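Because the structure is predicted, anything quoted here is derived from the model rather than measured. Values reported hereafter were calculated over all heavy atoms of this structure, with side chains retained and with hydrogens, waters and symmetry mates removed.
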Amino acid sequence: MTNINSSDSGDALSAPDTGPHIVAIGASAGGLEALEKLFDGLSCDSGATFVVIQHLSPDHKSMMANLLSRHTQMPVVMVEQDMPIEPDRIYLIPPGSIMHMGDGVLSLTPKNPRTLTLPIDVFFKSMAAHYGSRCVGVVLSGTGSDGTRGAAAINDAGGFLIAQEPENAKFDGMPRSVIATGLVDAILPVEKIGARLIAHITNQAIVEAAVSLDEPVQRAAALSPEAAMNGILRLLLQVGGIDFQEYKAGTVMRRIERRMNVRQVTSLEGYLDLLNEERNEVLTLRREMLIPVTSFFRDTEAFDILGRQIIDPMVARKQAGDSIRVWAAAVSTGEEAYSIAMMFLEAFDQLKHWPSLKIFATDVEQQNIETAGAGTYPESIAAEVSPQQLERFFVKKGSNFVVKNELRQSIVFARHNLLTDPPFTRMDLVVCRNVLIYFRAQAQERALKRLQYALLPGAHLFLGSSESLAELQKDFTPVSAKHKIWQMIKPLSMPLDVVKGSGYGYTTSVPLLTSQLNRGTRLKSTAVDQGFAALLKAFGPPAAILVNSRHELVHSYGDVRKFLQLREGHASLDIHRILPDALVPVAVALLFKSGREGISVSSDRLKVTTPDAEVEHLRMSAWPVEEFEGERLTLLAFERLQANTPTESAATVDIDSETAERMEVLERELSATRESLQATVEELETSNEELQSTNEELMSSNEELQSVNEELNTVNAEYQEKIDILNRLNADLDNMAQAVAAGTVFVDEKMHLTRFSPDATHIFKLRDSDLGRPLDDLAHTLIYPDLIADLSHTLKEGVRVEKEIRGINGLHYFVRMLPYSVPSSPSKGAVITFMDVTALHEVSRLQHIIDSLSENIAVLNSQGVITLVNSAWRNFAMDNGDADMVRSGPGVNYLDVCSGAFNATDKSVNQAQRGVREVIEGTRANFSMEYPCHSPTEDRWFVMHVSPVSGEQPGAVVSHVNITEWRKLNN
């Protein structure tokens with residue numbers, strides 16, 4: 001059983017159905033092109049609000065507003081905190097933020113760079129919670145699975161979902177992921193999404209979804225809305241096998257109205273006719289009723305309490321060899337069952353107890369069971385499951401996470417209807433969350449009794465946050481009333497409803513028996529039910545299972561637990577996997593003979609050991625059942641016999657004979673298959689020879705046609721494509737030449753000028769009319785007599801030439817010559833670049849100048865960081881233990897150097913730091929001080945002088961002069 005519409009639950013926000021629509025558009029890689037095409041085809045007066053959510057880098061400013069403004073007349077704004085929304089506007093998520101939807105406002109929270117964030121999922125969920133059926137989600141090009149979880153929330157709230165056609169998307173990861181949920185209402189090329197959005201927002205008719213007024217519609221139109229509704233529910237029961245009359249009328253009606261809105265049908269009568277014509281729509285509506293809205297550890301606080309107060313104590317009580325049995329009902333696509341299994345396995349390791357764990361996970365929707373059994377989930381679950389759990393219980397395969405065998409083998413997934421199928425028994429824990437709220441009161445009571453019946457005395461029941469025990473409150477004590485965790489203190493006092501729950505077809509006996517007893521006696525109904533249950537137990541038919549033509553279990557009758565067993569490995573309902581080994585050949589032989597001859601057959605007395613180590617004497621029989629929906633069914637019964645009682649004479653089957661006959665039939669079928677395969681191979685060989693001959697003729701004809709149409713088709717298409725490519729390359733090359741701050745000249749193999757950049761005109765006296773002239777005819781400002789010789793060497797030898805030269809204007813250039821060739825052509829050429837390195841020469845000259853000085857000199861920037869030192873400074877650092885310049889070299893703040901540079905008093909250190917800082921800040925013209933700097937071998941004295949440096953890069957120059965000899969002379 002899966003959720004239907006969370007807006008029906010007490011903890012869900014209900015949004016009004018009137019008001020403007022909110023359209024959220026999620027896009028990632030390749031999304032810019034898709035967004036531009038979408039807004040190109042979207043009108044600007046729809047009355048809706050558009051919100052674009054992308055994966056943006058927090059380190060770069062987004063240009064999306066400017067780019068999208070070229071494709072729409074709607075205002076495009078970047079969202080700010082608590083920004084109110086207005087219709088006919090486009091709102092963009094800012095970089096480095098997660099955006100949420102409130103009541104008429106957009107709010108922002110910072111993105112955590114250390115954890116996986118899914119901004120599209122987050123926004124979709126918040127939008128669905130506040131705007132319900134007025135929200136629209138659009139998933140465009142992108143990698144990963146962001147948007148998949150949020151899409152389920154939008155569909156659950158009654159909103160509308162569109163996905164870009166994967167073949168139309170540059171990156172199809174996100175569209176394919178959301179389409180795989182089966183919840184998408186429209187899959188379209190991006191060019192058509194705009195028109196579909198307007199049709200949905202304005203409730204315009206769509207031609208392909210409209211219902212023509214032919215005879216069936218006229219008959220449907222004659223029905224009353226009540227009759228049409230009953231017809232819809234009857235179709236759902238016939239096709240899907242679920243009686244939705246047991247569900248709340250408001251819930252069912254909301255889901256039907258949503259599908260009517262998607263298909264643009266205005267009446268229940270018209271929608272009934274559409275269902276009669278399109279059976280796929282019936283299946284879609286059924287899926288709409290059973291939306292798999294779930295997640296791992298949904299409501300984390302409730303799961304924390306379940307782990308601390310229920311699971312941990314339960315595991316602590318269990319010993320090796322004991323078993324823990326859990327029934328998780330209505331598990332949807334399995335996230336909840338896997339969450340519980342993970343908690344148990346973690347408790348096993350933590351408490352060092354390893355009992356046997358078996359979780360029975362059930363759901364009414366077979367597709368959900370198959371999804372859960374596969375255990376494959378999108379990478380977006382990383383936002384729900386901790387990194388430690390992902391590493392232990394999941395394997396990353398592509399863009400998905402797949403559960404490991406350790407986790408998968410602890411769960412058995414099976415289809416089960418909580419309202420009609422018998423419950424499981426002897427459970428330590430039963431989990432059934434967020435499904436009871438969608439049932440009518442009587443159905444809720446019946447489901448709760450089944451859950452109670454499944455529990456062992458003292459076991460626990462875990463319900464959803466909006467669910468209650470109603471009349472069964474007295475049979476339970478709360479463990480956590482807030483989170484709906486209960487412990488059963490009183491087992492079910494009456495048997496289950498045999499009218500709904502019995503599998504033996506006694507549905508007419510109970511009312512008749514009850515009526516007669518009520519007329520003759522005044523026994524209570526519970527006593528009547530108990531009496532009837534005792535009657536069934538004493539004189540009822542034997543336990544049996546219903547098997548289809550593929551030998552798979554379809555249904556069970558009576559107590560078949562002693563004759564069935566679960567095997568390790570992949571879950572299967574095949575009788576080879578569920579019957580004891582001793583019974584498998586007998587059952588196969590009985591089914592074969594009964595199916596072949598259409599009669600009932602029985603086996604001899606059998607002796608089998610049950611899973612409880614008890615020896616049972618029984619007789620098996622196979623009974624053909626009338627075909628159901630074109631499938632042959634057989635009833636396989638297990639008749640228990642007394643050990644000392646001879647069996648009655650009955651028509652039995654010779655197992656060995658039937659087995660041999662079965663093998664003979666299979667061998668004949670295999671032989672016939674081989675002969676058929678050989679004949680097919682021979683026919684294929686003959687056909688291949690004929691096709692080869694035909695192919696040669698076609699190839700000859702094709703060559704003739706190709707010569708006729710070559711100029712009209714192939715040549716024209718190729719030239720057109722080449723022209724487009726050359727135009728783009730030419731534009732790119734021109735832009736690049738203008739952007740690079742270097743003179744660039746292109747020449748061909750004859751050294752004729754073919755192209756030049758704007759900066760090259762400062763070196764060569766060039767004009768556009770000079771293209772095609774030899775390079776040696778052009779005047780230039782270079783002192784480079786070997787220019788033509790080097791260029792010739794590059795062209796002939798194909799080698800790179802790099803030199804540093806001077807110009808007559810005093811500038812210095814770094815010249816690089818590179819050869820190039822034109823693909824698929826003998827043409828060659830060379831490109832010459834002239835990089836102005838005058839500034840580097842000036843810096844080098846400055847370095848040589850200060851290196852020639854004997855004083856220790858350092859240049860500081862405006863923050864006091866050393867940017868340049870001379871050789872004397874480096875030698876002093878090496879002589880004083882700082883050979884690598886770690887403590888006093890470039891990149892070090894000189895104010896910090898002062899602390900260790902003066903081995904004088906703290907007063908000298910403070911005086912030096914203060915003086916340097918004041919000169920840098922401009923509050924002092926210069927600074928000088930005398931200080932001692934003694935070494936272990938001699939006494940030394942220095943004078944420190946600081947002068948400011950002005951200009952574009954202000955700072956200061958610090959010099960240290962050794963005055964030791966001067967002091968000695970003066971003293």
Side-chain angles (χ1 to χ4, degrees), residues 356 358 360-362 366 369-370 372-374 405 408-416 421 424 503 542-625 627-628 631-640 652-670 673:
S356 172
K358 187 58 65 179
F360 300 90
T362 63
Q366 182 62 32
I369 291 299
E370 293 173 359
N405 288 336
R408 176 63 182 85
Q409 291 176 359
S410 63
I411 306 176
V412 175
F413 290 100
R415 185 180 181 277
H416 182 277
D421 294 332
F424 293 82
I545 59 174
L546 191 63
V547 180
N548 61 19
S549 58
R550 296 180 299 279
H551 290 183
E552 294 174 338
L553 173 64
V554 176
H555 198 77
S556 62
Y557 305 87
D559 187 4
V560 296
R561 290 174 298 174
K562 292 182 178 295
F563 312 113
L564 301 180
Q565 65 180 28
L566 289 176
R567 285 177 170 80
E568 191 175 327
H570 179 69
S572 173
L573 295 178
D574 191 288
I575 62 172
H576 294 79
R577 298 282 296 167
I578 61 175
L579 288 179
D581 293 336
L583 297 183
V584 170
V586 181
V588 171
L590 291 173
L591 292 172
F592 173 70
K593 185 173 181 64
S594 175
R596 184 189 59 191
E597 302 180 3
I599 61 173
S600 60
V601 292
S602 301
S603 70
D604 293 326
R605 174 191 292 270
L606 302 173
K607 182 179 178 182
V608 63
T609 303
T610 67
D612 299 332
E614 298 180 0
V615 177
E616 291 280 350
H617 294 265
L618 59 93
R619 178 170 55 200
M620 296 176 63
S621 57
W623 301 77
V625 179
E627 287 191 1
F628 179 75
E631 185 172 17
R632 188 182 77 246
L633 301 174
T634 306
L635 189 68
L636 191 63
F638 306 90
E639 182 182 355
R640 300 172 66 178
T652 60
V653 62
D654 187 345
I655 302 301
D656 294 337
S657 173
E658 290 300 326
T659 302
E661 185 175 351
R662 172 66 169 164
M663 292 178 63
E664 183 179 351
V665 170
L666 292 175
E667 289 176 353
R668 287 199 301 269
E669 292 177 353
L670 180 59
T673 302

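- Atom CD1 of Ile578 is separated from atom NE2 of His551 by 12.0 Å, given to the nearest 0.5 angstrom.
- A donor-acceptor pair under 3.5 Å is formed between the side chain of Ser603 and the backbone N or O of Met620.
- Here the CD1 atom belonging to Ile575 is positioned 11.5 Å from the CG atom belonging to Leu573, to the nearest 0.5 angstrom.
- The shortest non-hydrogen separation linking Ser602 to Leu590 is C-CD2, 3.8 Å.
- Ring centroids of Phe360 and His416 are separated by 6.0 Å or more, keeping the two rings apart.
- With values rounded to the nearest 0.5 angstrom, Lys593 atom NZ is found 14.0 Å from Thr634 atom OG1.
- Residues Ala587 and Leu636 share a closest heavy-atom pair of CB-CD2, 3.7 Å.
- Taking the six-membered ring where the residue is Trp, Phe638 and Phe563 present parallel rings, their angle staying beneath 30° rather than reaching 60°.
- Expressed to the nearest 0.5 Å, how far CG of Leu579 lies from CD1 of Ile545 amounts to 5.0 Å.
- Checked against salt bridge (Lys or Arg N to Asp or Glu O under 4.0 Å), Glu370 has no partners two or more places apart in sequence or in another chain.
- With contacts defined as side-chain heavy-atom distances shorter than 4.5 Å, the pair Thr362/Asp421 does not qualify.
- Residues Val586 and Asp604 fail the side-chain proximity criterion, which asks for heavy atoms closer than 4.5 Å.
- Using a 4.5 Å heavy-atom cutoff, the side chains of Lys562 and Val608 are not in contact.
- In this structure, Phe413 and Arg408 have side chains that are in contact, with non-hydrogen atoms separated by less than 4.5 Å.
- Across every non-hydrogen atom of Ala622 and Leu591, the tightest pair is CB-N, 4.4 Å.
- Here the side chain of Ser410 pairs no donor or acceptor atom with the backbone of Lys358 at under 3.5 angstrom.
- For Arg415, there are no salt bridge (Lys or Arg N to Asp or Glu O under 4.0 Å) partners, not counting sequence neighbours.
- Put simply, CZ on Arg632 and CZ on Arg550 are 11.0 Å apart, with the number rounded to the nearest 0.5 Å.
- A pairwise comparison of heavy atoms in Ala414 and Ile369 identifies O-CD1, 3.4 Å as the closest pair.
- Going from atom CG of Leu564 over to atom CG of Leu583 covers 9.5 Å, rounded to the nearest 0.5 Å.
- Between Val547 and Val554, the shortest heavy-atom contact is C-CG2, 4.4 Å.
- Arg605 pairs in a side chain to side chain contact (heavy atoms under 4.5 Å, CB included) with only one of the listed residues (His617, Arg619, Glu639), which is His617.
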